[in-house]
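Letters go in sequence order (proteins before strands), and every chain restarts at 1.
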There are 2 protein chains.
Amino acid sequence: MANKAKSTILDIARLTGLSKGTVDRVLHNRGEVSRKSYDAVMKAIQDLGYEPNVYASMLARGGSHLIAVLMPEDEPGGFWSLAAGGMEKALDPLASGGVSIEHFGYDPTDVESLKAAARKMWDSNPSGVVIAPMFREATLQITAALRSKDIPYVFVDTKLDDLGYLAFFGMPMYRSGYLCADQLTGGLPVKSLLVVRVQRDVQRMSDPTVDRRAGFLDYIHEHFPDCVVHNVLINPADIPAAEAALDEFFESHPDTRQIAMFNSRIHLLVPWLERHPQRGRRVVGFDNLEANMQALSRGTVSALVCQHPDDQLALAIKALAERIVLGKYPARRDNFVHMDILTRYNVDFY
Amino acid sequence: MANKAKSTILDIARLTGLSKGTVDRVLHNRGEVSRKSYDAVMKAIQDLGYEPNVYASMLARGGSHLIAVLMPEDEPGGFWSLAAGGMEKALDPLASGGVSIEHFGYDPTDVESLKAAARKMWDSNPSGVVIAPMFREATLQITAALRSKDIPYVFVDTKLDDLGYLAFFGMPMYRSGYLCADQLTGGLPVKSLLVVRVQRDVQRMSDPTVDRRAGFLDYIHEHFPDCVVHNVLINPADIPAAEAALDEFFESHPDTRQIAMFNSRIHLLVPWLERHPQRGRRVVGFDNLEANMQALSRGTVSALVCQHPDDQLALAIKALAERIVLGKYPARRDNFVHMDILTRYNVDFY
DNA sequence: AATCTTTCCGTGAACGTGCACGGAATTAAA
DNA sequence: TTTAATTCCGTGCACGTTCACGGAAAGATT
């Protein structure tokens, strides 16, 4: 911006009477330079409006920056598999070459597998790490270690009460619950509705959907104080039992027309829903999993609120890459992706 | 992918017994190389799985690629101003340095201004051009000239019946009308509704909203054949007259509750709407203009269907940059951005 | 056979930065 | 004063491409 003719490291050297070696040292502040020279170079950088040439830099360094992704792994078509797709997206052809990405997956229900993944991650000697935290304590240990080695890390999906993170990319969970309730009711009074929830393990994992649930309930209570919110708990591993629970519920509440789920597994209900069609029913779930979108276009599901986990991951990686390669800090530390509403009429273009 | 150790231009030279100069010539196929050598080099490229090093390439070329954007210009906060924001977005820090962008604006109601802008554009000697076409004939002349100079161009927003374009980024107009109708009615039967339309100039400009209107009407006729669709024509330059027209309409149709507009100017109706509140009214418009979003969060407008013109432009520029810098062709030629539904409950995170 | 074209190809200097190496300048220790 | 340690700094090669320049080889023309 300052000078039209892009100034180089050599210009700074000439201007200060130093050599490019010294300039290089202050640019990467790795010491071995006197206070006087340091100040002179800094001033020259300001005056000339110097900006490093990324291409020359990348070329000289010979690439090889590793960004590690520490993220749960699930079945193909699942939420985390969808998110994993964002890694390719981030490897934009123009930006690639210099950075590579490695995915260290772990079982979201098993702390030990996280620790194992973290060890492997550690061995790969990454320049930056993306973390989707599931277990608070274990993750805090990891981030502490990263901080002590000055390795930047960004959170995705869930944020921990940790202060050293470079950035966070996620969804505004409370608001997403609010939005979900609005989509479910269409803004029209409802007497009773059903929320299907998944039984959580006893382990104290971080569960972001509690905020979503709060937003949902607040909307209902604010708009329709008389509405009764029923709950049915299911176990994803035991579908027959889950369907039996639904049968039982609708036996005693045949008039309930609205069904919501707060995680990405609404597709689990689809077979049952399609065997039990109901006039005027509305079903709202979350996230653009392939199975969910199919149910959407068949009309079984009315709407999906999407947070695009792949975009979140891609943005996280990009922020990390900019930090590592250019030393640039993200504009905002906490970034909330926008919530998209998917219906059968706009699902085709996803 | 083929070889782990990234192969270079020099590897190819050694393998073929030629020199890097020759290899370079076939890589950019600018002739001056015998058939035999050409084939040999091509084979070696295949065998080694050679991929050019973008950084070295950019560095050597010394940057300075110009992408010209030939796009209408309107008032601040207008549709095209929003789109223009995508230019910055495209200048991703990691990708920048090599390409610069220049915007050549024109008056969307004046063919002559397009021609003038095209001349300026031509003088800037661009390596690629993004075009948002408004006038068919004049634009076809421009693209013909571009083709004769082998300058790639991509269409944005509207596509012309032109075969030489590199890519197109736009919205599925017909489907967006369909979606709009669904959002307006909520899927529930409606007896009558109002469409507010803008008087078009007589000039034969390309007007993509006719497709949108078709999609809208088809939805209505398919779902609610008894519904009457009323039209009110307004002139954006004469708001008082427009409001008078609305007064007149609702005088004779007091029961009509749903209002739609097919372009981005729904905000023009907002003052009138807020002076004439009506219980149970639904208003649906298009595009995330600042004024529209404010009306949304106040509840005056019920929903907006957004096509993110800025993203379209950013994607277009990116595709062009990849073509110019890397010689890479986009995966798909016709790209439809997804349609986002905005309500007052998810507008905050845009 | 000599000269002139034409076609093809190799050479070498940039591009701007990173980094290892060694050496100068300064200060401390003898 | 000499030597050793320390702090600071300059030199020069490497990274993989691009491109202008000049020249060899082959063919065409006398």
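Heavy-atom distances to DNA chain C give each of B/A56 and B/V33 a nearest nucleotide, and the one nearer the 5′ end belongs to B/V33. Looking at which nucleotide of DNA chain D each of B/S57 and B/E32 is closest to, the 5′-most match is held by B/S57.
Regarding A/Y55, its OH atom lies at a distance of 14 Å from the C1' atom of D/dT17, rounded to whole Å. D/dA20 atom C1' lies 12 Å from atom NZ of B/K20, rounded to whole Å. Going from atom CG of B/D24 over to atom C1' of D/dC21 covers 15 Å, rounded to whole Å. As a whole-Å value, the separation of A/L18 CG from D/dT11 P is 11 Å. Nucleotide D/dA14 holds its P atom 17 Å from the CG atom of B/N53, rounded to whole Å.
Scored by the side-chain hydrogen bond (donor to acceptor under 3.5 Å, both in side chains) test, A/Q307 finds A/D287, A/Q312 as partners (sequence neighbours excluded). By the salt bridge (Lys or Arg N to Asp or Glu O under 4.0 Å) test, A/D123 is found to be paired with no residue, residues two or more places apart in sequence or in another chain being considered. Applying the side-chain hydrogen bond (donor to acceptor under 3.5 Å, both in side chains) test to B/E32 and every residue at least two apart in sequence or in another chain returns nothing. Checked against salt bridge (Lys or Arg N to Asp or Glu O under 4.0 Å), B/K20 has no partners two or more places apart in sequence or in another chain. In this structure, B/R332 has no salt bridge (Lys or Arg N to Asp or Glu O under 4.0 Å) partners at least two apart in sequence or on a different chain. Taking the side chain to side chain contact (heavy atoms under 4.5 Å, CB included) definition, one finds that B/L82 meets it with B/N288, B/L289, B/P309, sequence neighbours left out. Every residue two or more places apart in sequence or in another chain was checked for a side-chain hydrogen bond (donor to acceptor under 3.5 Å, both in side chains) with B/T8, and none qualifies.
Within 4.0 Å of B/Y50, counting heavy atoms only, lie sugar-phosphate atoms of the nucleic acid but no base atom.
Considering only side-chain N and O atoms, A/T22 lies under 4.0 angstrom from the phosphate OP1 or OP2 of D/dG10. Between A/S19 and D/dG10, a side-chain N or O to OP1/OP2 separation shorter than 4.0 Å is present.
Between its two ends, the helix from C/dA1-D/dT30 to C/dT27-D/dA4 turns its axis by 60°, counting five pairs per end and rounding to 10 degrees.
Close approach of DNA chain C to chain B, defined as any atom under 4.0 Å from a non-hydrogen atom of the protein, starts and stops at C/dC8 to C/dG16.
Considering B/D334, B/I131, B/L166 as possible partners of B/F155, the one that fulfils the side chain to side chain contact (heavy atoms under 4.5 Å, CB included) test is B/I131.
Between A/D39 and A/K43 there is no salt bridge, since no side-chain nitrogen of the basic residue lies less than 4.0 Å from a carboxylate oxygen of the acidic one.
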